[in-house]
> 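Quick one: the structure is below, questions incoming.
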Amino acid sequence: MTQGVVQDKVSAALVGALRLAQQRGVLKIAHMPIVSLEAPKRPEWGDVSSTVAMSLSASERRPPYEIAQIIIDHLEQRDALFNRVEIARPGFLNLTVKQQLWMEVLREIETQGIAYGHNEVGQGRRVLVEYVSANPTGPLHVGHGRGAAVGQALVRLLKASGHEVVSEFYINDAGRQMNLLGVSVLARYLESCGKSMPFPEEGYQGEYIRSVAERLRAEQGDGLLSLPVMEAELLSKEFAYRELLALIRQDLERFGIVFESWFSEASLLTSGIVEQVLGELKARNLLFDQDGAQWFRSSTFGDDKDRVVRKQEGDYTYLASDIAYHRDKLRRGFDLLVDVWGADHHGYIPRMQAVVQAYGYPKERLKVVLVQMVNLLRGGKKVEMSKRAGEFITLREVMDEVGADAAKFFFLLRESSTHLDFDLELAKQQSQENPVYYVQYAHARIASLRRVAAARGIDCPLPSQANLDLLQDPDELALIRKLSAFPVVLQASAQELEPHRIAYYLRELAGMLHPFYNKHRILPPAPESEASSVATSDSPTSASRRPAVVAPALTGARLALMWAVQQVVRNGLDVLGVSAPEQM
RNA sequence: GCGCCCGUAGCUCAGUCGGAUAGAGCAUCAGCCUUCUAAGCUGAGGGUCGUUGGUUCGAUUCCAACCGGGCGCGCCA
């Protein structure tokens, strides 16, 4: 748990002051509060502030202002840490930290490198993140893409927060859907053999079914014609399953996602595990028979009603295999299960939490992250999709059009539980309207700066090698303060399972870098030979545009600062699974 | 009808241990390339934080009711 290197020191100093005041009997302080600091909105309020005096006011039965004054009076290293210590109206403690102290942020970034911002709040707890989990009945569409981006970001986020994480894809390869897939492919297969067969009522219409059938025919020739229908259907189903799962895997890889584990629903059924699990529940009186079906007593664990696990005809419902699946996850010893689901499944949450509780765990052991629908737009106009007609935009098409990085970043730009407008034109655009490029450009721009510096033989020191005392400009300090906030953002993001916070942070950081770059000269002006031949030195415009002189030591310090910004941009993008290009 | 989510600038949205004069991007308007990438920057306008009550020194944030929108309420997944 860190608030940043500087904030931690300030926080410790304030706690020290409170302790001292307590020892001297000036304050009672029954419970030592957590002194959290915030970054004030206005520069005149210092660079860190605390509301601790206000929160103590009630229990101390004194006005916040007095308490703030007491804290200040008991600060032991006041002059070593602060330039200014002020109290504002009700009892805000506004602190301006010594500039040298902020430089530790840069050294911290250098020491930690790609791990800067990471934390250990997970304490090695084991987490299983299950995401995408699409039916292998067709290619991934845009909605899956968002789930994939969110899931991957969660995995990385949790890993960066000291968790041991396994990512898993639950293959819904059992039941009616798969049978329909087999029938659909067989129908197209027969069609291509010249035999007409009425296409199944609710079959899969997509064009990809035809190409699967074509490949089946290429492999088997007309062989299926002579088989009994049942056998031909089974063969078609298995063939299609292999083809489509491979397709899904390829699409995910192209998207930069590789799962550590794949779990088959069908395996739970064929191995008899589902049956066994239901037997256990039955023995514990958690199942009952009614109307010829078998029910799970989920209502005793907070669900609205009980749910069927075995239908009248004897088939298991999806809930039955989900019970077995989640029992398996729990048995594997995970401290936390994270399921990433489409938001339309939200009514299913109490049911699954009932399952978790039936196995003796608190329902918080399962956390469900909901991912809302993606509204696909093109130049502001809605792209119509019809799932029934098999007309939908696939993830692959989106990647082909805008690239995997842009797609991912857009998917992660909003809180996952809210609807997302995804404009393909915008995601393709290479301008500041496009937040992906805006952020990536910050990284590339700094890379470019260093390339130019290297080409001119200018030294590019790391923070530890630079004279950081020269960084005194408010803009420089503001950047450093922003960098110091990254660990806090990362931690909150992991804790709340909300990766979009990282995306926002990155946009803000880039939004500070670009103006800085524009305003402050970093490298000394280019050698005269390139530009001066035409320049008329008495022209007022040319005079006003003459580059400012930058002392070599300041160049070094600023390059070190830029290096740190670049590192943090990279770290943030890394957590989101988005690349940080050296050049754009 | 019951349950869950949402209502913040023209648009899309940030803002979760309650804090100071409510933020960003886009769009609009007016400007900036002889310089380290203009894939960039500067400036301007824009708000009853859905409504009404309650708790509090203080509410966009917590509570209640209501209004408006989305979703769920299958022996489908």
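All values reported here derive from a predicted model rather than from experimental measurement. No hydrogens, no waters, no symmetry mates; every other heavy atom, side chains included, goes into these values. Below, chains carry the letters A, B, ... as their sequence lines are ordered, and counting in each starts from 1.
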> Does K41(A) make a side-chain N or O approach to OP1 or OP2 of rG19(B) shorter than 4.0 Å?
no
> Taking all heavy atoms of L278(A) and all of L287(A), pick out the closest pair and write down the distance.
O-CD1, 3.2 Å
> Now, which nucleotide makes the Watson-Crick or G-U wobble pair with rG40(B), with each of the two distances under 3.5 Å?
rC32(B)
> Which nucleotide, if any, forms a Watson-Crick or G-U wobble pair with rA20(B), using both distances under 3.5 Å?
none
> Give a yes/no answer on whether the side chain of H500(A) brings an N or O atom under 4.0 Å of OP1 or OP2 in rA24(B).
no
> Remember a base hit wins even if backbone is also touched, and classify H520(A) as base, sugar-phosphate or nothing at under 4.0 Å, heavy atoms.
base
> Taking S493(A) for its side chain and E498(A) for its backbone only, find out whether a donor-acceptor pair lies under 3.5 Å.
yes
> For rC11(B), which nucleotide is its Watson-Crick or G-U wobble mate, given both distances must be under 3.5 Å?
rG25(B)
> Let me know the distance between CG of L449(A) and C1' of rC36(B), rounded to the nearest Å.
5 Å
> Could you check whether D304(A) gets within reach of a base, just the sugar-phosphate, or nothing at all, counting any heavy atom under 4.0 Å?
nothing
> Remember a base hit wins even if backbone is also touched, and classify R42(A) as base, sugar-phosphate or nothing at under 4.0 Å, heavy atoms.
base
> Assess the pair Y505(A) and F486(A): is the distance between their ring centroids shorter than 6.0 Å?
yes
> Do you know which of T418(A), I349(A), V340(A) makes side chain to side chain contact (heavy atoms under 4.5 Å, CB included) with L370(A)?
I349(A)
> Check whether any side-chain nitrogen or oxygen of Y441(A) sits under 4.0 Å from OP1 or OP2 of rC41(B), and answer yes or no.
no
> For the base of rA20(B) and the side-chain ring of F92(A), does the geometry meet a stacking cutoff of under 5.5 Å between centres and under 30° between planes?
yes
> Answer with base, sugar-phosphate or nothing: what part of the nucleic acid does E498(A) contact at a heavy-atom distance below 4.0 Å?
base
> For a quick check of understanding: with a heavy-atom distance under 4.0 Å over all strands, which category does Y348(A) fall into, base, sugar-phosphate or nothing?
nothing
> Let's test this: given Watson-Crick or G-U wobble pairing with both distances under 3.5 Å, identify the partner of rC2(B).
rG72(B)
> Paired with rA65(B) by Watson-Crick or G-U wobble geometry, both distances under 3.5 Å: which nucleotide is it?
rU51(B)
> Is the count of non-hydrogen atoms from other residues, nucleotides or ligands lying under 6.0 Å from K282(A) atom NZ greater than 12?
yes
> Counting the atoms with a prime plus P, OP1 and OP2 as sugar-phosphate, which does A58(A) contact under 4.0 Å by heavy atoms, base, sugar-phosphate, or nothing?
nothing
> Would you say the ring centroid of W45(A) lies under 6.0 angstrom from that of F92(A)?
no
> Describe the nucleic acid contact of R501(A) in one word from base, sugar-phosphate, nothing, applying a heavy-atom distance below 4.0 Å.
base
> Return the 5'-most residue of the pair P90(A), K311(A) with respect to RNA chain B, ranking by each residue's nearest nucleotide.
P90(A)
> Among rG72(B), rC41(B), rU37(B), which is the nearest nucleotide to the side chain of R451(A)?
rU37(B)
> Under 4.0 Å, heavy atoms only, any strand: does S57(A) hit a base, just the sugar-phosphate, or nothing?
nothing
> Check every strand shown and say whether D315(A) touches a base, only sugar-phosphate, or nothing at a heavy-atom separation below 4.0 Å.
nothing
> Over all strands shown, is E38(A) touching base, sugar-phosphate only, or nothing at heavy-atom distances under 4.0 angstrom?
nothing
> Tell me if the side-chain of H346(A) makes a donor-acceptor pair with the base of rC71(B), cut-off 3.5 Å, by modelled atom types.
yes
> Categorize N94(A) for me: base, sugar-phosphate, or nothing, with a 4.0 angstrom heavy-atom threshold over every strand shown.
base
> OP1 or OP2 of rG74(B) sitting under 4.0 Å from any side-chain N/O of R307(A)?
no
> Determine the contact category for M373(A): base if any of its heavy atoms lies under 4.0 Å from a base atom, sugar-phosphate if only primed atoms, P, OP1 or OP2 are that close, otherwise nothing.
nothing
> Categorize E496(A) for me: base, sugar-phosphate, or nothing, with a 4.0 angstrom heavy-atom threshold over every strand shown.
base
> Both Y504(A) and E44(A) contact RNA chain B. Which one's nearest nucleotide lies toward the 5' end?
Y504(A)
> Could you pull out the closest heavy-atom pair between A453(A) and C460(A), with the gap in Å?
CB-SG, 3.7 Å
